[in-house]
There are 2 protein chains.
Amino acid sequence: MAHFAKRMKSMENSAYVVKKLFGAMNDPEIISFGGGAPAREALPVDIVREISNDIMRMDSRGIEALQYGPVMGTADLREVVVNELLAPKGVEAKAENIIITGGGMEAINLLCQLFIDPDDIILVESPSFVHSVEVFEMFQAKCIPVSMDENGMMTDDLEEKIIKYKPKMVYVIPTFQNPTGITLSQERRKKIAELGSKYDKIILEDDPYRDIRYSGSDLLPIKSFDKTGHTILANSFSKIFSAGSRLGYIYANDEITEKLFDAKTATNSHTAMLPQILCAEFFKRGYYPAHHKMICDLYRERRDVMLECIDKFFPEGTKRTTPDGGLFVWVELPENINTTELLKESVSNPDVKVAFVAGEGFYAEGGGKGRNCMRISYGGVTPEKIRIGAEKLGRLISSKVK
Amino acid sequence: MAHFAKRMKSMENSAYVVKKLFGAMNDPEIISFGGGAPAREALPVDIVREISNDIMRMDSRGIEALQYGPVMGTADLREVVVNELLAPKGVEAKAENIIITGGGMEAINLLCQLFIDPDDIILVESPSFVHSVEVFEMFQAKCIPVSMDENGMMTDDLEEKIIKYKPKMVYVIPTFQNPTGITLSQERRKKIAELGSKYDKIILEDDPYRDIRYSGSDLLPIKSFDKTGHTILANSFSKIFSAGSRLGYIYANDEITEKLFDAKTATNSHTAMLPQILCAEFFKRGYYPAHHKMICDLYRERRDVMLECIDKFFPEGTKRTTPDGGLFVWVELPENINTTELLKESVSNPDVKVAFVAGEGFYAEGGGKGRNCMRISYGGVTPEKIRIGAEKLGRLISSKVK
């Protein structure tokens, strides 16, 4: 009976992928390289306990936590973003230009509310993050893929496609990209900011993994090269503080920030207060540097083990990326292997029981591209289980090679 | 330079109202009858402190609070909704049909995502809640007002307008309505559910005040009369637990719930975990009944004082509603008084410094309707300040009567 809006049609395929993903994560027998969740061990439970006990002792903070708060987010957390997360990366922002969002996903959603009319074009990396593409499709945008190589989105192809398709927006995940783990080079970061200015296009820089770098050297955000306000920086606290707190932020110019106020008001009034207070205190009390070192060490070990296992257990002809940070490695298997089929067997075969995400869904262009690829997430799995899971998966894959 | 989506145009007028409202709330010298925030004294700070200290002591709960959670909300909180909030009100629901949202506002937003295409018609009460109308307008819907009397939305007018305008949705706030404080009669509740079924229209029942009843007797929700799944119940924890926690819920049929999963995923993945855990424990540990009694007593006193002061200090020719619960009373002043003008003076005149919300903005029909009306919120103001503020405001109004 229900007559749904046109936008809901777009969700019909992709939502299936998500549900399966979440489903697999909850089966305790499965070793899941599927999700993008941070490691259990990377969650600062003890620190949050201490802060929350302390905060709630103060009546005024308790009331602050439970009463309506500012649409843009708490002043404290916006200051933390400016001083602790942006300034050290070469981005000079004012707190008035920061809005706190319900995680990185909500940042993407709010920016679509601001900019996307039905049939607008968004240029995305090929492959790109499937959940963002889902949001774009829910806003009835058309996603056009831009080629990538080992240095990220190819700026020649980008410029051609900006000219050809007149997009509303260019969506880039520059650092340890989801799903490939690839990092956009410094030179291309500068170029992309310049293309945004030159062609009057919004560059949406979605950079949730950038702070989990455990090898190689830091690069400046695209936003740091932006002289005209065309680049918008979206980020998340999910990987550096807590995913369940649903905290993210957007840094944009005055004109855009003012509209974000409106869109946020009409979405959910503001982000939950207690998570904002706890997160701001986590930084203000100086817990972040040691915690940050701990999680980088933890993920570095997991990456090293995973890459070693792929090289050892996956069949000849396998290619993979070498991420300098983040949670993902992208694997290209021999041509004849269909990873969507492989996943079904890999999850259900009692001798394997290993999950990953099949590559096809990450390609906006469809047509079977990425059919022999897979995203492997090592962030949330202990080194012991990585070894067991990768060996089993590698054995299954090897049995399929013709 | 920024080329915003068409939907953002709709926000240009109404957002101003909101900003001013929030602005006024933060000026400590102003006695504000403007906001809809719960009383400071109604926030269970001590209880939440105790629960949070206890919860965070358990490592598994701490991890649950900080890790990604289920799209639909925690199982605990969904059970609380079913058993503690719906069952006692004659609504038999299953937890699978509940989704936890980022406050009541997000519930409205998600349902617009599901149902509203540009140019769709939504029937709303005249007057209706200005922030919901803002969301409807952001989705490029057209709001058509339905007449109200002292028993709420008039069902004859509703049926006529359903036939005439073929709306996508009917939006009703049945209990202690925002802005009027009026309650929809039982008979009309039944009739509205039937009209939804008969004409195949979505009835969106937004009922955030219903649990703060402090006089009169309980009525059944519209949803309890719905036999076809056309009524969707949206509610909020803001008034009975905590506004800053941004928690609300939707109860809908299977088909709609499945789409809500998709829309929530594409909005912000899920609602923040720690507020959900604390709220569920608040109910499961049995704190709600005593807390509920306390807040009802508190708001009853404030209502009584406010109504007494309006009757005493406002000029002859003033009409007002008599709310049996909630936070608002609606006041109609003598015809010649323009409350939008009055508000400017009332807020800025150093001898007054009292805020309220001018009536005009609550009427979707525009054209100056409600120009002599005002919404007065007594919920967040102490009885002492209600007396001072209402006297000052009454004196200012009296000085304007011709």
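Lettering of chains follows the sequences in order, A, B, ..., and the numbering in each one begins at 1.
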S.K.: What residue, out of Asn53(B), Ile55(B), Thr101(B), Leu110(B), has the most heavy-atom pairs lying under 4.5 Å from chain A?
M.R.: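 Looking at each of Asn53(B), Ile55(B), Thr101(B), Leu110(B) in turn, Asn53(B) comes out on top.
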S.K.: Of Asp262(B), Ile256(B), Asp117(B), which is the lone residue that meets side-chain contact (heavy atoms from CB on, under 4.5 Å) with Phe4(A)?
M.R.: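 That would be Ile256(B).
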S.K.: State which residues pass side-chain contact (heavy atoms from CB on, under 4.5 Å) with Ala243(A); sequence neighbours excluded, sorted by chain then number.
M.R.: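 side-chain contact (heavy atoms from CB on, under 4.5 Å) list for Ala243(A), sorted by chain: Pro38(A), Ser238(A), Gln67(B), Tyr68(B).
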S.K.: Within this structure, what is the CE-CG distance for the pair Met8(B) and Leu114(A), rounded to the nearest 0.5 Å?
M.R.: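 Output value for this atom pair is 4.5 Å.
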S.K.: Sort Leu278(A) into side chain, backbone, both or neither according to what part of it lies under 4.5 angstrom from a heavy atom of chain B.
M.R.: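 When you check distances to chain B, only side chain atoms of Leu278(A) fall under 4.5 Å.
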S.K.: Using a strict threshold of under 4.0 Å (side-chain N to carboxylate O), is an ion pair present between Asp59(B) and Arg49(A)?
M.R.: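 Answer for the salt bridge query: yes.
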S.K.: Given a strict heavy-atom distance threshold of 4.5 Å, which part of Asp120(A) is in contact with chain B: side chain, backbone, both, or neither?
M.R.: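 Neither part.
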S.K.: With a 4.5 Å cut-off on heavy-atom pairs, point out which of Leu247(A), Leu274(A), Ile116(A), Ile108(A) contacts chain B the most.
M.R.: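 Option with the top pair count is Ile116(A).
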S.K.: Quick check against the 3.5 Å criterion: does Lys168(A) have a side-chain atom that pairs as donor or acceptor with the backbone of His3(B)?
M.R.: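 Flag set: sc Lys168(A) to bb His3(B) pair under 3.5 Å.
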S.K.: For the backbone of Met105(A) and the side chain of Asn268(B), can you confirm whether one donor and one acceptor N or O come within less than 3.5 Å of each other?
M.R.: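 Side chain of Asn268(B) to backbone of Met105(A): no pair is present.
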S.K.: For the CD1 atom of Ile63(A) and the CG atom of Leu43(B), what is their distance to the nearest 0.5 Å?
M.R.: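 Going from CD1 on Ile63(A) over to CG on Leu43(B), the span is 6.5 Å.
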S.K.: When you measure from the side chain of Asn109(A) to the backbone N and O of Ala266(B), does any donor-acceptor pair fall under 3.5 Å?
M.R.: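 Yes; judged by distance alone, with no hydrogens or angles, the pair exists.
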S.K.: Please report the interatomic distance CZ(Arg40(A)) to CG(Leu66(B)), rounded to the nearest 0.5 Å.
M.R.: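 Here the rounded value is 11.0 Å.
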S.K.: Quick check: closest heavy atoms across Ser52(B) and Ser52(A), and the distance to 0.1 Å?
M.R.: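 Between these two residues, the closest heavy atoms are OG-OG, 3.7 Å.
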S.K.: May I ask you to name which of Gly62(A), Ala272(A), Pro275(A) has the most heavy-atom pairs under 4.5 Å with chain B?
M.R.: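 The option with the most such pairs is Ala272(A).
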S.K.: Can you tell me if Arg7(B) uses its side chain to pair, donor with acceptor, with the backbone of Gln113(A) under 3.5 Å?
M.R.: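 Yes.
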S.K.: Can you tell me how far apart CE (Met273(A)) and OG (Ser242(B)) are? Round to the nearest 0.5 Å.
M.R.: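 The OG atom of Ser242(B) is 9.5 Å from CE of Met273(A), to the nearest 0.5 Å.
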S.K.: Between Arg246(B) and Thr271(A), do the side chains contain a donor N or O and an acceptor N or O under 3.5 Å apart?
M.R.: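 There is no such pair between these side chains.
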